[in-house]
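Following: one structure in structure tokens, then a few remarks.
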Amino acid sequence: MNAGTRPGGHPVDGLAVEMRAHRLQQLLQGRREYLKLRQEEVAERLNMSARSYGNWERGVVKEWTDEKLFQLAGALEMTESQVARLFLIAVDRHPPAEARPAGVRERRDPSLEAFLSDYATAMEALSLPSFVIDQRWQVKLANSAYRKLFRGMRNHPTAMPTDNFLRFGLFHPDASAVLVDFDDWRLSILAQFATSLERNDQDPDLDMLLLDLHQHPTLHNAYLNDMQTWVLIGAGSDLVHHHGKPRMIRHPDAHIGLRSCRLIEETPRPLQARGLVRITMVLTELEPLEESAAAAAVGKV
């Protein structure tokens with residue numbers, strides 16, 4: 001990718017390019033100095049000349065490839081969160097997880113691990129279902145309220161709600177027992193998948209999900225036709241950016257029962273730096289009109 005373009009080939013102004021190069025230099029130089037390395041020593045690790053590495057550190061690169069960025073991350077002994085920041089600055093996206101060299105992928109970040117442990121404790125204090133996902137909607141953290149919402153789900157090899165929320169909503173045979181207005185939920189999930197695929201079009205797990213969709217006739221048609229029309233006419237949007245009427249869920253606890261459900265995204269910076277998103281399912285009592293709609297939806301299940 002050229003320094004003066006964003007994904008999709010859209011031009012950016014000269015100031016933005018200059019700011020990007022400055023941020024990149026701060027990251028690389030700061031990391032090198034933290035390791036007490038000279039440019040010549042980093043260049044040696046990369047099997048390149050000191051002059052060429054100097055250009056890299058100043059952001060004077062015609063095109064950043066994943067291979068170059070991972071090499072750079074390895075030479076500067078970056079943690080996973082630092083690799084994510086490197087990619088965001090250099091190419092405006094997160095690194096492809098499956099392509100990461102083992103040394104980068106396995107490098108521990110104790111401060112981040114401690115933060116995630118404390119964050120999981122904070123999530124447990126919430127009475128509302130809350131969970132943390134990555135770009136594929138793989139569930140990385142979930143509180144007890146989330147797990148209770150989906151208790152009783154039969155085992156499924158690829159579509160458990162505590163593993164991947166998108167796959168659960170699309171492929172689990174019991175999904176409609178909790179996601180009451182299931183047709184709207186499914187269209188929202190398909191729209192969310194389309195958004196995730198657009199942002200991470202080289203992710204192998206999302207590609208596999210797309211293949212699974214195309215092998216399922218009903219979902220294939222819904223993805224290519226129903227979802228596109230549904231979003232185009234303004235009837236709905238993806239899960240995170242839905243601002244219309246709430247979806248509905250049925251809680252397995254009879255004292256809670258049917259509830260309106262809105263997904264609220266609220267993500268602190270340490271999670272953002274890792275490519276993670278925190279979502280809370282805000283459950284409220286149904287309005288009279290929603291109760292009628294819920295009764296109709298229950299009749300379809």
Flag yes if more than 12 heavy atoms outside Glu33 fall under 6.0 Å of its CD atom; otherwise flag no. yes
Salt bridge between Glu77 and Arg45, side-chain N to carboxylate O under 4.0 Å? yes
Looking at side-chain heavy atoms only, is the closest gap between Leu72 and Lys68 below 4.5 Å? no
Indicate the atoms forming the closest heavy-atom contact of Ile189 with Gly169, along with that distance. CD1-CA, 3.5 Å
In terms of hydrophobic clusters joined by side-chain contacts under 4.5 Å, are Val282 and Val139 together? yes
Spacing of CG belonging to Leu37 relative to CZ belonging to Arg32, to within rounding of 0.5 Å: 8.0 Å
Check the pair Arg186 / Thr218 against side chain to side chain contact (heavy atoms under 4.5 Å, CB included), numbers first and verdict last. CA-CA 11 Å; Arg186 184 177 63 180; Thr218 301; 3.6 Å; yes
Any donor-acceptor pair under 3.5 Å from Ser130 side chain to Leu126 backbone: no
Got a second to check how far Thr158's OG1 is from Leu209's CG, nearest 0.5 Å? 9.5 Å
Is Asn143 close to Leu128 at the side-chain level, that is, under 4.5 Å between some pair of heavy atoms? no
Any luck finding a side-chain donor-acceptor pair between Glu63 and Thr65 under 3.5 Å? no
Look at atom NE2 of His22 and say whether more than 12 heavy atoms of other residues, nucleotides or ligands are closer to it than 6.0 Å. no
Contact summary for Arg147 and Glu124, nearest pair of heavy atoms: NH2-OE2, 3.4 Å
Counting distance only, does the side-chain N/O of Asp134 pair as donor-acceptor with the main-chain N or O of Lys140 below 3.5 Å? no
Is the shortest side-chain heavy-atom distance between Trp185 and Val180 below 4.5 Å? no
Polar contact flag, side-chain donor to acceptor under 3.5 angstrom, His214-His220: yes
Report whether Val42 and Val60 are members of the same hydrophobic cluster (ILVMFWY, side-chain heavy atoms less than 4.5 Å apart, transitive linking). no
Would you say CD of Glu44 has more than 12 non-hydrogen atoms from neighbouring residues, nucleotides or ligands within 6.0 angstrom? no
Within the 4.5 Å heavy-atom criterion, are Pro129 and Phe150 side-chain neighbours or not? no
Correct closest heavy-atom pair for Met227 and Ala194 would be CE-CB, 3.9 Å
Which value, rounded to the nearest 0.5 Å, describes the distance between Ile256 atom CD1 and Leu149 atom CG? 8.5 Å
Among Glu285, Arg247, Met281, find the residue that satisfies the side-chain contact (heavy atoms from CB on, under 4.5 Å) test when tested with Arg259. Glu285
Can you tell if the side chain of Tyr119 reaches within under 4.5 Å of the side chain of Arg278, non-hydrogen atoms only? yes
Nearest non-hydrogen partners of Ile89 and Leu24, listed with the distance: CG2-N, 3.7 Å
Starting from the C-alpha separation in whole Å, work towards a yes-or-no answer on side chain to side chain contact (heavy atoms under 4.5 Å, CB included) for Leu276 and Leu141. CA-CA 10 Å; Leu276 301 177; Leu141 294 174; over 6 Å; no
Positive for ring pair (Phe, Tyr, Trp, His ring centres under 6.0 Å) with Trp64, one of Trp56, Phe70, Phe87: Trp56
Evaluate the side-chain proximity of Val132 to Val277: yes if any heavy-atom separation is below 4.5 Å, no if none is. no
If two hydrophobic side chains count as joined below 4.5 Å and joins carry through other members, does Leu210 share a cluster with Met208? no
Distance check, rounded to the nearest 0.5 Å: Ser52 atom OG versus Asn47 atom CG? 12.0 Å
Do Glu41 side-chain atoms and Arg38 backbone N/O form a donor-acceptor pair below 3.5 Å? yes
Over 12 non-hydrogen atoms of neighbours within 6.0 angstrom of CD in Glu40: yes
How far apart are the C-alpha atoms of Asp253 and Lys148, what are their side-chain angles, what is the distance that settles it, and do they pass the side chain to side chain contact (heavy atoms under 4.5 Å, CB included) test? CA-CA 8 Å; Asp253 186 335; Lys148 289 177 181 177; over 6 Å; no
Do Leu88 and Ile133 share a hydrophobic cluster, counting only Ile, Leu, Val, Met, Phe, Trp and Tyr and linking them when any side-chain heavy atoms are less than 4.5 Å apart? no
Are the side chain of Arg250 and the backbone of Ala177 linked by a donor-acceptor contact shorter than 3.5 Å? yes
List the atom of Leu219, the atom of Leu170, and the distance in Å for their closest heavy-atom pair. CD1-O, 3.6 Å
When rounded to the nearest 0.5 Å, the distance separating CG of Leu27 from CG of Leu76 is 8.0 Å
Assess the side chains of Ser260 and Arg262: does a donor N or O sit below 3.5 Å from an acceptor N or O? no
Using atom types as modelled and distance alone, determine if a side-chain donor or acceptor of His216 lies under 3.5 Å from a backbone N or O of Leu211. no
Looking only at atom types and distance, does a side-chain atom of Asn164 sit under 3.5 Å from a main-chain N or O of Arg167, one as donor and one as acceptor? yes
Working to the nearest 0.5 angstrom, can you tell me the gap between Thr267 OG1 and Arg274 CZ? 14.0 Å
Answer yes or no: is there a side-chain heavy-atom contact under 4.5 Å between Trp137 and Phe168? no
Are Phe171 and Leu213 close enough, and set up right, to give a side chain to side chain contact (heavy atoms under 4.5 Å, CB included), and what steps lead you there? CA-CA 9 Å; Phe171 298 114; Leu213 280 177; 4.2 Å; yes
Quick check: closest heavy atoms across Pro246 and Cys261, and the distance to 0.1 Å? CB-O, 3.5 Å
Is the shortest side-chain heavy-atom distance between Leu179 and Ser176 below 4.5 Å? no
